[in-house]
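What follows is a short report on a single structure.
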There are 2 protein chains.
Amino acid sequence: MRASGAHIDLSALKEALSCAGLKATQQRLVIYQCLMATDKHPTAEEIFEQVRPSNPSISLGTVYKTLETLVDSQLARKVPVSENKMRYDARMDSHHHIYCTNTGEIIDFQDKELEMIIRQYLESRQIKNLEVQNFNLQIRANKLNPEQDILID
Amino acid sequence: MRASGAHIDLSALKEALSCAGLKATQQRLVIYQCLMATDKHPTAEEIFEQVRPSNPSISLGTVYKTLETLVDSQLARKVPVSENKMRYDARMDSHHHIYCTNTGEIIDFQDKELEMIIRQYLESRQIKNLEVQNFNLQIRANKLNPEQDILID
DNA sequence: ACCTAAACAAGAATAATTCCTATTTAATAA
DNA sequence: TTATTAAATAGGAATTATTCTTGTTTAGGT
Ligand SMILES: [Mn+2]
Ligand SMILES: [Mn+2]
Ligand SMILES: [Zn+2]
Ligand SMILES: [Zn+2]
């Protein structure tokens with residue numbers, strides 16, 4: 001679970017939504033908060049199941065549309081994976097993903113130094129006719145002990 | 001279009017299939033060759049449309065199943081993207097992908113040096129409880145001139 | 001030339017996502 | 001605060017991508 005956990009300041013999310021020109025509806029707040037509160041990379045369906053108990057009238061279509069809206073507004077991003085459903089991530093800072101082949105987890109991996117190394121290399125390469133916007137390293141790996149967390153830093 | 005173009009030695013593909021313990025059926029050969037012959041990263045549907053004219057009785061289900069089989073046998077790999085359909089790649093050497101935001105292309109990008117830099121960095125990091133298998137850099141970028149190819153090396 | 005397990009075609013079924021529209025609501029203004 | 005209204009939602013239908021089922025065909029071994 002993400003360090004900040006389940007209690008993220010709702011008014012901050014509200015602010016972020018209106019900043020993006022979006023109505024701060026109950027559904028959007030709840031979905032955005034749910035995505036913010038996890039370090040998993042949930043599917044629309046998973047978010048739906050999670051928010052439903054406390055929001056019994058919310059509809060799956062709204063979850064899909066809201067996620068799309070968040071992505072369009074740069075408040076979330078898609079995380080495409082090999083299974084054929086889309087996953088979502090509210091972390092918008094530059095970070096990478098470890099795909100654990102034995103547990104199926106997608107683990108966030110942030111590393112300032114790696115970041116710099118790759119950025120600098122791409123700059124030095126000066127690929128003609130191409131403007132690099134950002135990059136994302138997908139690391140396929142397996143946990144030696146699936147029970148235990150991996151230790152980053 | 002890939003350098004080797006449309007005429008890839010069929011007997012080599014046949015060999016690769018039997019080596020993997022797979023019957024070298026007409027359908028598999030044609031699908032595998034189609035995937036080999038392109039440097040795009042086609043969907044199942046796109047491969048189907050491409051092979052259909054010369055193989056009018058081939059079925060879409062066979063294309064899906066064959067691609068799955070090729071992936072299982074390590075003769076192809078999946079390339080997940082933000083749109084919700086799967087893309088496939090017959091290149092099995094370690095290489096990266098440039099996602100062109102203005103043209104939608106997925107461009108192969110191979111770079112021995114970058115490869116090494118990242119591999120060495122990950123090794124030096126020695127992430128506890130994790131065995132890195134491989135990695136793939138996704139570069140989001142846009143072509144300055146969408147008409148022209150980008151120039152790698 | 002057989003034999004047979006594996007693969008295929010055709011189409012049905014399912015899963016993921018998008019679309020439609022009557023109703024509700026957040027935001028703004030009176 | 002209340003009225004107004006454009007935007008968003010619920011609910012369900014529709015569409016798209018993928019998988020499954022089953023009778024028929026075929027590659028590869030004898
Ligand atoms: Mn390729
Ligand atoms: Mn899908
Ligand atoms: Zn992430
Ligand atoms: Zn590729």
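Proteins come first, then strands; the chains are lettered A, B, ... in the order of their sequence lines, and each starts at number 1.
- Rounding to whole angstrom units, CD1 of residue B:Ile31 and C1' of C:dA9 are separated by 12 Å.
- Checking B:Gly61 against A:Thr43, the closest nucleotide of DNA chain C that is more toward the 5' end is the one next to B:Gly61.
- Between the CD atom of B:Glu83 and the C1' atom of D:dT18 there is a distance of 15 Å, given to the nearest Å.
- For the pair B:Asn55 CG and C:dA9 P, the interatomic distance rounds to 9 Å; values are reported in whole Å.
- Taking 4.0 angstrom as the limit, A:Thr25 places a side-chain polar atom (N or O) nearer than this to OP1 or OP2 of D:dT9.
- Contact detail for A:Ile58 and A:Phe48: the closest heavy-atom pair is O-CE1, 3.4 Å.
- A:Lys85 comes within contact range of the sugar-phosphate backbone alone, with a heavy-atom separation under 4.0 Å but no base atom that close.
- As rounded to whole Å, 11 Å separates atom P of C:dT18 from atom CG of A:Asp72.
- Note: CD (A:Glu68) to P (D:dT9) measures 12 Å, nearest angstrom.
- Within the 4.0 angstrom heavy-atom criterion, only backbone atoms of the sugar-phosphate kind lie near B:Ala24; the bases stay farther away.
- Look at A:Gln27 and you'll find a side-chain N or O under 4.0 angstrom from OP1 or OP2 of D:dA10.
- Taking each heavy atom of B:Arg77 and B:Asp93 in turn, the nearest pair found is NH2-O, 3.4 Å.
- Under the 30°/60° scheme for interplanar angles, the aromatic rings of B:His41 and B:His97 are found to stand perpendicular.
- An OP1 or OP2 oxygen of C:dA9 is reached within less than 4.0 angstrom by a side-chain nitrogen or oxygen of B:Thr62.
- Position along DNA chain D of the nearest nucleotide to B:Tyr64 versus B:Leu22 favours B:Tyr64 as the more 5'-ward residue.
- Rounded to whole angstrom, the span from the CE atom of A:Met86 across to the P atom of D:dT18 amounts to 11 Å.
- Shown here for B:Leu137 and A:Phe135, the closest heavy-atom pair between the two residues is CD1-CD1, 3.9 Å.
- When each of B:Asn84 and B:Val63 is assigned the nucleotide of DNA chain C bearing its nearest heavy atom, the one mapping closer to the 5' terminus is B:Val63.
- Residue B:Met86 comes nearest to A:Ser82 through the heavy atom pair CE-O, 3.1 Å, listed as atom of the first residue, atom of the second, then distance.
- Distance OH (B:Tyr88) to P (D:dA17): 13 Å, rounded to an integer number of Å.
- Atom CG of A:Leu60 is separated from atom C1' of D:dA13 by 14 Å (rounded to the nearest Å).
- Here the side chain of A:Thr66 is nearest to one of C:dC8, D:dT18, D:dT9, namely D:dT9.
- Here A:Lys65 lies in heavy-atom contact (under 4.0 Å) with a base.
- Closest contact between the side chain of A:Lys23 and the listed nucleotides D:dA7, D:dA10, C:dA9 involves D:dA7.
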